Amino acid sequence: MNPREITALIAYAVRLDPRLTVATDAEADERLAQWCDLLADVPATAPHPEGRDWNAAWAVRQHIATSPYRIQPSDVSRPWWTFRRDILGRHVDPTPHVDPDDEAAYRAALTTTRHAVETGQAPAQTRTALPAGSRAERDQADAARLAALGGYIPRDLDDTFDAHRPVRAERRRLTVAGQPDPYTVPCPWAACRASAGQRCQTAGRPRVNFHHARIDAARAGAAA
């Protein structure tokens with residue numbers, strides 16, 4: 001806190017406990033200097049990740065309400081250091097938005113974030129709790145999100161990898177073209193009988209295209 005904030009805090013304490021009233025300006029100046037020395041690194045307010053925010057005025061009120069002794073600046077600073085240890089114990093350093101290969105910048109970003117938390121200028125970053133629901137429900141929600149996103153791999157990389165995974169590339173091409181996917185059904189052609197997910201065969205060798213009967217089956221399945 002700065003001297004203006006500390007002056008206001010002392011005035012609040014005097015209003016709650018008139019015994020703290022001093023007789024001369026010299027005594028008031030001496031008390032202000034003492035409080036400024038001990039509270040210079042104590043913020044007036046600070047956020048807590050669980051909503052139990054720090055407030056120096058509340059610390060003053062709590063002491064006057066519960067202790068028969070006249071308040072001292074240490075009665076404000078001690079609760080702050082307890083609060084500070086608590087939030088730092090909960091804090092997890094976030095990944096800085098800087099080049100991780102630039103070690104100096106990376107460390108500086110971490111230091112800046114931690115200093116902001118230590119001084120009450122920023123809330124502590126805590127670990128994210130698991131979402132509600134059963135494991136099956138969470139897996140289903142994750143699958144839905146991935147389906148909406150189209151997967152982790154960017155489209156340009158997908159195109160590059162297609163040369164090494166022809167089956168997936170063919171299925172993606174059919175989907176983009178709005179055509180039925182024969183891989184979703186087994187081939188009904190008696191001489192083939194390829195299973196779903198397998199290419200059609202001729203004399204035991206994979207074909208470059210699908211039997212017409214399988215395409216018709218896939219089209220019928222898509223329309224059902």
Side-chain angles (χ1 to χ4, degrees), residues 1-10 12 29 31-60 62-63 71-133 135 137-165 168-169 172:
M1 287 181 282
N2 57 43
R4 180 182 58 80
E5 293 171 320
I6 295 173
T7 299
L9 190 66
I10 293 174
Y12 176 65
D29 290 343
R31 179 171 63 186
L32 178 60
Q34 180 192 38
W35 281 57
C36 285
D37 188 25
L38 282 177
L39 302 183
D41 49 3
V42 176
T45 60
H48 189 282
E50 294 184 356
R52 302 194 303 271
D53 297 348
W54 162 260
N55 190 305
W58 181 87
V60 169
Q62 182 73 2
H63 176 84
I71 190 169
Q72 301 296 324
S74 58
D75 295 320
V76 179
S77 63
R78 278 195 297 266
W80 159 250
W81 290 109
T82 300
F83 178 92
R84 178 179 179 273
R85 284 192 298 272
D86 178 55
I87 59 173
L88 286 180
R90 300 169 183 269
H91 178 68
V92 178
D93 289 323
T95 302
H97 297 292
V98 298
D99 182 359
D101 291 331
D102 187 341
E103 184 176 350
Y106 195 87
R107 289 182 177 275
L110 288 175
T111 300
T112 299
T113 300
R114 179 165 282 269
H115 178 72
V117 173
E118 289 175 345
T119 55
Q121 301 175 53
Q125 302 295 313
T126 58
R127 291 180 175 85
T128 302
L130 286 174
R135 176 61 181 269
E137 290 170 336
R138 294 198 300 269
D139 289 345
Q140 185 176 4
D142 289 343
R145 283 194 294 270
L146 286 177
L149 292 171
Y152 289 116
I153 303 176
R155 182 62 181 270
D156 56 341
L157 290 181
D158 239 347
D159 294 338
T160 301
F161 294 154
D162 278 352
H164 306 285
R165 51 187 191 192
R168 180 168 178 176
R172 192 155 66 91

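No experiment lies behind these values; they were computed from the predicted model shown.
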Give me the atom names and distance for the closest heavy-atom approach of [X] to [Y].
| X | Y | answer |
| --- | --- | --- |
| Pro43 | Ala56 | O-CB, 4.1 Å |
| Ala44 | Met1 | N-CG, 3.4 Å |
| Val60 | Tyr12 | CG1-CD2, 4.1 Å |
| Leu38 | Pro73 | CD1-CG, 3.4 Å |

Under the salt bridge (charged side-chain N to carboxylate O under 4.0 Å, His left out) rule, collect the residues that match up with Arg107, sequence neighbours excluded.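 Once residues adjacent in sequence are excluded, the partners of Arg107 under the salt bridge (charged side-chain N to carboxylate O under 4.0 Å, His left out) criterion are Glu103.
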Within the distance-only criterion (no hydrogens, no angle test), does the side chain of Asp75 pair as donor or acceptor with the backbone N or O of Gln72 below 3.5 angstrom?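 Here the side-chain-to-backbone pair exists.
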Expected output: side-chain Trp54 to main-chain Trp80 donor-acceptor under 3.5 Å: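 Checked: no pair found.
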Give, for atom [atom1] of [X] and atom [atom2] of [Y], the distance between the pair rounded to the nearest 0.5 Å.
| X | Y | atom1 | atom2 | answer |
| --- | --- | --- | --- | --- |
| Ile6 | Leu32 | CD1 | CG | 7.0 Å |
| Gln62 | Ile71 | CD | CD1 | 10.5 Å |
| Leu110 | Tyr106 | CG | OH | 5.5 Å |
| Arg4 | Cys36 | CZ | SG | 12.0 Å |
| Thr45 | Trp58 | OG1 | CH2 | 14.5 Å |

Check the pair Leu9, Trp35 against side chain to side chain contact (heavy atoms under 4.5 Å, CB included), reporting the backbone distance first and the verdict last. CA-CA 10 Å; Leu9 190 66; Trp35 281 57; 4.2 Å; yes
Non-neighbouring partners of Arg85 that pass side-chain hydrogen bond (donor to acceptor under 3.5 Å, both in side chains), sequence neighbours left out: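 With sequence neighbours excluded, Arg85 shows a side-chain hydrogen bond (donor to acceptor under 3.5 Å, both in side chains) to Thr82, given in chain and number order.
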I'd like to check the side-chain hydrogen bond (donor to acceptor under 3.5 Å, both in side chains) partners of Asp86; sequence neighbours left out, ordered by chain and number.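 Checked Asp86 against side-chain hydrogen bond (donor to acceptor under 3.5 Å, both in side chains); matches are His48, Arg90.
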